[in-house]
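Numbers here simply count residues along the sequence, with the first being 1.
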Amino acid sequence: MSSILIIDDNEEILLALRMFLQDHFDKIDTDPSPERIPTLMDRNTYDVIVLDMNFRAGINSGNEGMYWLQRILERDPQAVVVFITAYGDVQLAVNAIQNGAADFIEKPWDEDRLLATLLKAKAARQSKLEIGKLKKKQKHLKEQLEINHQLVYGKSQAMGKVWETVRKVAPTDANILILGENGTGKEVVAHEIHRLSKRSREIFVGVDMGALAPTLFESELFGHRKGAFTGAMDDRSGRFEVASGGTVFLDEIGNLNLEQQAKLLAVLQNREVVPVGASQPVDIDIRLVSATNSAIYERVKEGSFREDLLYRLNTIRIDLPPLRERKEDIAVLVQFFLSKFAVKYQKNEIRLGAGVLSRLKKYEWPGNVRELQNAVEKAVILSDGITIQQDDFQLGNPMSISNSKVEGTLNLEENEKVLIQKAIDKTGGNYSQAVKELGITRKTLYNKIKKYDL
């Protein structure tokens with residue numbers, strides 16, 4: 001339902017506009033007095049407000065219109081106001097637009113121009129509302145993302161040094177390389193760096209380089225133009241262009257081959273990307289955070305990773321210690337995950353039983369924090385009462401788990417399901433490692449997880 005409010009002290013103009021616009025707006029309100037604007041706006045929401053610039057006889061300064069424009073925008077910052085004036089004063093119109101008006105029309109008006117102006121103003125209002133909705137959704141998604149990657153500082157000296165470094169480097173634009181085993185929280189640290197940076201209001205774009213097919217490397221990161229290759233039906237912006245102004249997180253950076261490394265280095269040096277099929281570069285403004293669990297310095301010595309690229313990536317280097325080297329943090333982490341999953345599974349009264357924490361501290365946690373999180377989630381799900389017992393935690397070497405579920409059967413799907421679950425458990429939920437264990441593609445793994453509801 002489109003609506004328009006017209007305020008003009010000339011009753012004939014109000015009647016003429018009402019008749020002319022009745023086929024283009026569902027609701028048309030008119031009033032000769034601007035004093036009625038607050039009341040009308042309290043009762044209705046308008047797509048367009050047409051406002052006379054002068055109401056008192058003999059005065060053509062436009063000050064009255066400017067006054068009511070400000071009152072309208074105070075009430076509704078997204079209001080779209082079109083001024084109407086009998087005086088062809090260009091400066092008045094410029095001042096009006098500078099103060100927040102969308103456009104202006106002159107008396108007497110040209111009907112085609114009048115209609116085009118008001119329809120354009122209506123479309124502008126809809127765009128403002130859509131942008132407002134998108135911003136609210138973006139804020140909500142950002143808040144949810146921050147909750148999902150909420151940082152648990154812990155009490156260990158090792159992690160204290162990590163957070164001190166994060167606090168110092170986050171406000172800068174320095175490129176950061178995060179090193180650590182699978183499951184140590186490299187992505188969580190990357191999100192925290194972005195959250196504390198000057199780019200925190202902009203987008204954070206993460207890319208798992210281990211899951212990116214070599215043939216899609218350039219298209220995904222740098223974008224492509226329509227017709228650049230088979231299947232390129234439209235122009236598409238790459239991750240770097242989308243993230244311009246914000247932060248790009250390249251996980252598993254050690255998986256890049258030498259050709260991909262050269263292309264990434266060129267982008268970092270020139271601060272621009274050339275989409276596949278394009279001839280002109282696109283400027284980008286990003287802050288780069290990278291991570292890897294591989295022995296990246298050893299790869300440089302072997303010649304499989306470019307030294308000049310490594311220098312570009314690690315202006316600042318952050319080493320994340322494995323959980324087995326900071327067991328004093330386990331109690332804090334367990335309590336955090338317990339609270340999180342208690343809410344998720346509606347078991348708000350749940351707590352740890354006697355001896356559970358002591359047992360968890362004795363375990364080596366090869367999958368690190370990710371494995372601990374998965375273990376707590378499973379324990380919350382499996383617990384029968386409000387107290388989690390030691391038996392609710394499934395610890396130990398995942399690959400030594402009995403095959404009793406499929407013992408005596410040659411059913412392919414049952415055996416496949418068990419093997420996939422073992423690989424996921426062994427790698428602490430790291431799908432990049434799991435696909436290597438299983439010898440399948442990441443896409444196949446996702447399909448199997450969905451199929452078996454793992």
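Listed by chain and number, the residues in a salt bridge (charged side-chain N to carboxylate O under 4.0 Å, His left out) with R351 amount to none (sequence neighbours excluded). Scanning for side chain to side chain contact (heavy atoms under 4.5 Å, CB included) contacts around L40 gives L5, I7, D31, R36, Y46, with sequence neighbours left out.
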For this session: Given side chain to side chain donor-acceptor pair (under 3.5 Å), test S383 with D392 step by step and report yes or no.
Result: CA-CA 6 Å; S383 62; D392 292 324; 5.1 Å; no
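Under the 3.5 Å distance criterion, with hydrogens and angles disregarded, no donor-acceptor pair is assigned to the side chains of N293 and E181. Side chains of S2 and D47: no donor on one and acceptor on the other come within 3.5 Å.
Between M209 and the choices T292, D251, L221, the side chain to side chain contact (heavy atoms under 4.5 Å, CB included) rule is met once, by L221.
By the 6.0 Å and 45° rule, R71 stacks over the aromatic ring of Y67. For the pair K378 and F393, the cation does not sit on the ring face, since its NZ or CZ is not both under 6.0 Å from the ring centre and inside 45° of the axis.
Side-chain atoms of V207 and F240, non-hydrogen and from C-beta on, never get closer than 4.5 Å to each other.
Heavy-atom minimum distance, V242 versus S237: CG2-CB, 4.0 Å. Residues L338 and V376 come closest through the heavy atom pair N-CG1, 3.8 Å.
When atom types are taken as modelled, the side chain of N314 and the backbone of R317 share no donor-acceptor pair closer than 3.5 angstrom.
Aromatic ring centroids of F305 and Y297 lie 6.0 Å or more apart.
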